[in-house]
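Contents: one structure, followed by commentary.
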Amino acid sequence: MSDTETAIPMTDETEQQIDITARLRNASSTDSSHMPMEIEDAVIEARGLGVYYGEFRAVRDVSMRFGKNEITALIGPSGCGKSTVLRCFNRMNDLIPSARVEGTVIYNDTNIYAEDIDPVEVRRRVGMVFQKPNPFPKSIFDNVAWGAKINGFKGSKSDLGDLVESAIRQAALWDEVKDKLNESGYSLSGGQQQRLCIARAIATNPDVVLMDEPASALDPIATLRIEELMQELKKDYSIIIVTHNMQQAARVSDRTAFFSVDVNDAGMRTGRLVEYGLTDRIFTAPENDETEQYITGRFG
Amino acid sequence: MVDQRTHFHAELEGLEQSIHEMGDRAHELIGMAVHALVTGDLDAAGRVREGDHVIDQLYLDVHNRWINLMARQQPMGADLRLMSVLLHMNVTLERTGDQAVNIAKLAALSHGLPMSSRIVEQVQEMGDLVRPMLRTAIESFIRRDADEARLLPAMDEPVDRINKSMYREVVALGADPQMLESATHMMMAARALERIGDQSVDIGEQVVYLVTGEFHDFNEEALHDRGSQG
């Protein structure tokens, strides 16, 4: 509150302050939120992607590009198909017998759904971290070494040790486990187990890491550690994260895609991409009314 | 569509109502302050100070509720833009109240001094121009009417013009010390009214941001328009 006693005589100071404020506002209004949506350097591109489970169409017509070394968040209400879409990017839906994918997913100029593509190779290049930490019933070391081994790692024992250490360091877990690498992965806390799973995912040297609600089973501190870690990881990897926590999407991602769901007369629910844009924009001034309603809590 | 955040939205609505009330009170104070100055009504000048005290209380109350709501609810989208605009308007309207007090103080200082009727008329005219500006700013906010808000820079032009001409009028009175003293007070009052006009334009910019999601500096746009015409 300004002091009216000192407001006489009036000086130009206030005016100068306002000028500065206006300049700051102008600067912020020309920030990245006005950059075009085109992603020049895409790591993955979905074209006309749809997923069926038997006759049931779970998701329809998703076309979008994912930026290299960016974090992209997929958000939306339950049943909108965001996890289903995520699982298309490393052919995890192949593991569900009734699932059928239409459209294409381009990775490194290749359609990963082409007939001659080995899904195991896809999963090596496009790793995944799940909602619940799922370490193997093995030592901390072996949890991370496993990926390299099944990928035919040919190096020496010490090379493998270096690789494991590097992956665990990248997952910001090294200082906590370096003295107990032979202990079971289960001996770690939930947050540590999840970082172990991240270390395991990046030990195969992927380009992309998919994260499906990676922090929803963790406490707030462990959640923030994962979010901090993501910022480090994006220097080396491209990350696509599904989260039901809008604040988390706002905190961590560069771009956000909002999915919604249509329900037909028979009660079948089909997800679709509603809006995709820079996170700054999506959470302050989305273009689509459906997005606006969702992020302001007016839906359902 | 179901509102899943009814408690938050009720509190947000309550905050906006407080800002409407601040706007109404500030609007009333400007009229009262100009009346006190041009007629020498010192009772009115006293009521301006009391009225500003109420605005200050509202300002503090809005600030406290605002920061709690931000911390607890983490608004997004249109709600976030509204929160941003409410914070800006809270500060702006509190300052508008302060400017009304400045004018009321000048009324007390000028009491009993001879005045130039020409200058008094100009201050009265500025008061008559800026009150509708603040009303337009508040109404455009209430109605979320960006087109109405965009009228404000044009409404501000005569205010700026009179304020600038005031200086020449005052200099012309240089030979008469008593007249010069009152005229100087009037010039300061004109400056306060000019600020109120600018504050109304600022609120208009906020309304456009609230509605469109884009911030536009009206002054820069006006300069650009003049440039392209010339």
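Here is how names work: the chains are called A, B, and so on, in the same order as the sequence lines, proteins then strands, and each is numbered from 1. Being a predicted model, the structure only gives us computed values, none of them experimental.
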- Message: Quick check on A:Glu287 against chain B: is it the side chain, the backbone, both or neither that has a heavy atom closer than 4.5 Å?
- Response: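 Nothing of A:Glu287, per the 4.5 Å heavy-atom cut-off to chain B.
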
- Task: Go through the atoms of A:Gln247 and report whether side chain, backbone, both or neither lie under 4.5 Å from a heavy atom of chain B.
- Result: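 Both parts, backbone and side chain.
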
Take atom [atom1] in [X]; do more than 12 heavy atoms of anything else shown fall under 6.0 Å from it?
X: A:Phe56; atom1: CZ; answer: yes
X: A:Glu228; atom1: CD; answer: no
X: A:Glu55; atom1: CD; answer: no
X: B:Glu13; atom1: CD; answer: yes

- Heavy-atom donor-acceptor pair, A:Arg298 side chain to B:Gln4 backbone, under 3.5 Å: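 No: the side chain of A:Arg298 does not pair with the backbone of B:Gln4.
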
- Name all residues meeting the side-chain contact (heavy atoms from CB on, under 4.5 Å) criterion together with A:Ala266; count only those two or more places apart in sequence or in a different chain, and write none if there are none.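 Residues passing side-chain contact (heavy atoms from CB on, under 4.5 Å) with A:Ala266: A:Asn264, A:Met268.
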
- Message: Return the CG to OG1 distance between B:Leu80 and A:Thr296, rounded to the nearest 0.5 Å.
- Response: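 Here the rounded value is 11.0 Å.
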
- What part of B:His9 gets closer than 4.5 Å to chain A, counting heavy atoms only: side chain, backbone, both or neither?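 The side chain, not the backbone.
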
- Give me the contact list for residues 71-79 of chain B versus chain A, heavy atoms only, anything under 4.5 Å, ordered by residue number.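 Listed by number: B:Gln74, B:Met76, B:Gly77, B:Ala78, B:Asp79.
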
- Message: Tell me the closest heavy-atom pair linking A:Ala285 and B:Gly213, and the distance in Å.
- Response: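 Scanning both residues, the minimum pair turns out to be CB-CA, 3.8 Å.
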
